[in-house]
Amino acid sequence: AHTASWARAFPKANLLAKCPKHVQQASTAHGGGSINVVALNPASNSTFTLLEAVLGTIADIFPCKYLHVGGDEVNFECWEEDAGVHAWMRSHGYQRRDALQAFEDRGMAILGRRNRTAIVWQGTPDEGVQLPKSKAGLLGTAIVEPWKAWAGLSRRAMQQALSQGH
């Protein structure tokens with residue numbers, strides 16, 4: 001989510017899933033302007049070419065070891081509406097979580113090549129994504145940032161992340 005501006009900057013790159021029905025439903029439900037319901041296209045190599053360029057540029061400019069990459073609020077309905085993404089999911093035998101795992105794995109690999117540690121929102125492991133382990137397998141190579149402060153959800157997210165070595 002929150003990537004609609006990328007498609008405006010690179011309109012021919014096939015970066016976003018095509019889901020006009022989902023966008024229309026969300027816009028109606030939220031009083032218009034719901035462009036953030038559109039997800040990056042996990043089936044398009046252009047998506048990862050751009051991620052490599054953007055994350056690489058950020059890593060070159062900012063020497064910090066950590067980079068927040070979001071990772072939450074993926075709209076699976078958008079992926080399922082896009083015929084190309086849906087075909088990609090079927091061809092790989094992916095369900096929603098599998099597709100998100102594949103997407104996150106590719107993104108984490110980009111960061112790994114830049115010797116950066118990802119910070120992800122709590123929604124990423126909440127969706128069942130397994131974050132990468134270090135080469136020694138002892139500590140995670142990602143930091144989970146809890147944000148759901150109601151009903152003990154942040155505490156549970158923190159405990160889950162810690163139990164997985166993050």
For the pair [X] (side chain) and [Y] (backbone), establish whether a donor and an acceptor sit closer than 3.5 Å, ignoring hydrogens and angles.
| X | Y | value |
| --- | --- | --- |
| Thr47 | Leu40 | no |
| Arg116 | Cys64 | yes |
| Glu104 | Leu131 | no |
| Asn41 | Ala43 | yes |

Hey, could you give me the [atom1]/[atom2] distance between [X] and [Y], rounded to the nearest 0.5 Å?
| X | Y | atom1 | atom2 | value |
| --- | --- | --- | --- | --- |
| Phe103 | Met108 | CZ | CE | 10.0 Å |
| Glu80 | Gln95 | CD | CD | 8.5 Å |
| Thr57 | Phe62 | OG1 | CZ | 10.5 Å |
| Glu127 | Gln101 | CD | CD | 11.5 Å |
| Ile110 | Asp105 | CD1 | CG | 11.5 Å |
| Phe10 | Leu16 | CZ | CG | 12.0 Å |

* Would you call the rings of Tyr94 and His92 parallel, tilted or perpendicular if under 30° counts as parallel and over 60° as perpendicular? ->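 Taking His92 first and then Tyr94, their aromatic rings lie parallel (interplane angle under 30°).
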* All side-chain contact (heavy atoms from CB on, under 4.5 Å) counterparts of Asp82, not counting sequence neighbours ->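 Result, side-chain contact (heavy atoms from CB on, under 4.5 Å) vs Asp82: Ala17, Lys18, Val85.
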* **Partners meeting side-chain contact (heavy atoms from CB on, under 4.5 Å) with Ile119 (sequence neighbours left out)** =>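 Ile119 satisfies side-chain contact (heavy atoms from CB on, under 4.5 Å) with Tyr66, His68, Ile143, Glu145 only.
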Which heavy atom in [X] sits nearest to a heavy atom in [Y], and how many Å separate them?
| X | Y | result |
| --- | --- | --- |
| Val144 | Pro125 | CG1-CG, 3.8 Å |
| Thr124 | Gly70 | OG1-O, 3.6 Å |
| Ser44 | Ala13 | OG-O, 3.8 Å |
| Phe48 | Gly107 | CE2-N, 4.4 Å |

* Under the side chain to side chain donor-acceptor pair (under 3.5 Å) test, which residues partner Arg114, sequence neighbours left out? ->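 Here the qualifying residues are Asp60.
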* To do: Answer whether the closest heavy-atom distance between the side chains of Val120 and Val69 falls below 4.5 Å.
  =>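 Side chain of Val120 against side chain of Val69, heavy atoms only: contact under 4.5 Å found.
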* To do: Answer whether the closest heavy-atom distance between the side chains of Trp79 and Leu100 falls below 4.5 Å.
  =>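 Yes, their side chains come closer than 4.5 Å.
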* To do: Check whether more than 12 heavy atoms from other residues, nucleotides or ligands sit under 6.0 Å from atom CZ of Arg113, and answer yes or no.
  =>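 More than 12 heavy atoms, drawn from other residues, nucleotides or ligands, come within 6.0 Å of this atom.
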